[in-house]
Amino acid sequence: MKVVDTKEYVSTLRELVQEGQEVSMQIAGSSMSPFLVHQRDSICFRAPTQPLRRGDMVFYQRTNGQFVMHRICRVHPEGYYIVGDAQTEIEGPIARTQIFAVVTRVYRKGTWIDATDFWWKFFAGPWLWIVPFRHKLIRLYHLLGFHRNK
């Protein structure tokens, strides 16, 4: 097994995105569950071609150099406010210059889906309105066993 430095790997993918290519990668981490699951699901992303809006899943680089893929929950003149689907803490403002890609489709539970899918719309819409209550719903989700890979 070859181990690759995540920062180096995502930096390479970022370069490809900046060259106009769409790239894909497997999900690592749990901040986007229950929509996306660690090492089960994958994403495709590219450079944004239109204005970013609430609900978009974006890839950005934090000021400490860390790469993150989360969802925009608010758009303000000073920047974007972003949160993972499994999180209750909103991060921001994130400058537009920190965002280098938008997710175009995901490979979820063995099927490619895009923004027209019910679950995509749910997490981009109603799920964003309940950020303060998510921890209770996520706990119930895990207690009922829905998070297990099938």
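Note that the structure is a prediction, hence the values are computed from the model and not measured. Basis for what follows: all heavy atoms, side chains included, without hydrogens, waters or symmetry-related copies.
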Is it true that atom CD of Glu89 has more than 12 heavy atoms of other residues, nucleotides or ligands lying nearer than 6.0 Å?
-> no

Backbone N/O of [Y] and side chain of [X]: donor-acceptor pair under 3.5 Å:
| X | Y | value |
| --- | --- | --- |
| Thr104 | Cys44 | yes |
| Asp117 | Ile113 | no |
| His38 | Gly29 | yes |
| Glu15 | Thr12 | no |
| Gln87 | Ser31 | no |
| Arg96 | Ile99 | yes |

Same cluster (ILVMFWY, side-chain, under 4.5 Å), [X] and [Y]:
| X | Y | result |
| --- | --- | --- |
| Trp120 | Phe118 | yes |
| Ile90 | Ile130 | no |
| Tyr107 | Tyr9 | no |
| Trp112 | Ile43 | no |
| Phe133 | Phe123 | yes |

Indicate the atoms forming the closest heavy-atom contact of [X] with [Y], along with that distance.
| X | Y | result |
| --- | --- | --- |
| Asp56 | Pro51 | OD2-O, 4.3 Å |
| Ile72 | Leu128 | O-CD1, 3.5 Å |
| Lys121 | Thr116 | CE-O, 3.6 Å |
| Ala101 | Pro48 | CA-CD, 4.0 Å |
| Pro34 | Trp127 | CD-CZ2, 4.3 Å |
| Met69 | Leu36 | CE-CD1, 3.7 Å |

Return the orientation label for the Phe67 and Phe100 ring planes: parallel under 30°, perpendicular over 60°, tilted otherwise.
-> perpendicular

Any idea how Tyr81 and His76 line up, ring-wise: parallel (<30°), tilted (30 to 60°), or perpendicular (>60°)?
-> perpendicular

Are side-chain heavy atoms of [X] and [Y] found at a separation under 4.5 Å?
| X | Y | answer |
| --- | --- | --- |
| Arg74 | Arg54 | no |
| Val37 | Ile27 | no |
| Tyr80 | Val75 | yes |

Using a distance-only test with no angle check, is there a side-chain donor-acceptor pair under 3.5 angstrom linking Glu91 and Tyr60?
-> yes

Do you see a donor-acceptor pair shorter than 3.5 Å between the side chains of Gln61 and Arg14?
-> yes

Lys109 and Arg40: side-chain contact (heavy atoms from CB on, under 4.5 Å), yes or no, with the steps?
-> CA-CA 7 Å; Lys109 295 185 177 182; Arg40 182 194 72 187; 3.4 Å; yes

Taking the six-membered ring for Trp, are Phe122 and Phe35 ring centroids under 6.0 Å apart?
-> no

Step by step, work out the side-chain contact (heavy atoms from CB on, under 4.5 Å) result for Leu13 and Met25.
-> CA-CA 9 Å; Leu13 295 179; Met25 67 179 284; 3.9 Å; yes

Any residue meeting side-chain hydrogen bond (donor to acceptor under 3.5 Å, both in side chains) with Ser33, in chain and number order, not counting sequence neighbours | none

Ion pair present between Asp85 and Arg71, side-chain N to carboxylate O less than 4.0 angstrom?
-> yes

Begin from the C-alpha positions of His70 and Met32 and carry the test side-chain contact (heavy atoms from CB on, under 4.5 Å) through to its verdict.
-> CA-CA 7 Å; His70 283 163; Met32 289 300 287; 3.9 Å; yes

Distance (rounded to the nearest 0.5 Å) between Ser24 OG and Arg105 CZ | 7.5 Å

Quickly, which of Val102, Val58, Val106, Val23 forms a side chain to side chain contact (heavy atoms under 4.5 Å, CB included) with Phe45? Name it, please.
-> Val23

For Val68 and Arg62, run side-chain contact (heavy atoms from CB on, under 4.5 Å): C-alpha distance rounded to whole Å, both residues' side-chain angles, the deciding distance at 0.1 Å, then the answer.
-> CA-CA 7 Å; Val68 181; Arg62 289 181 171 146; 3.5 Å; yes

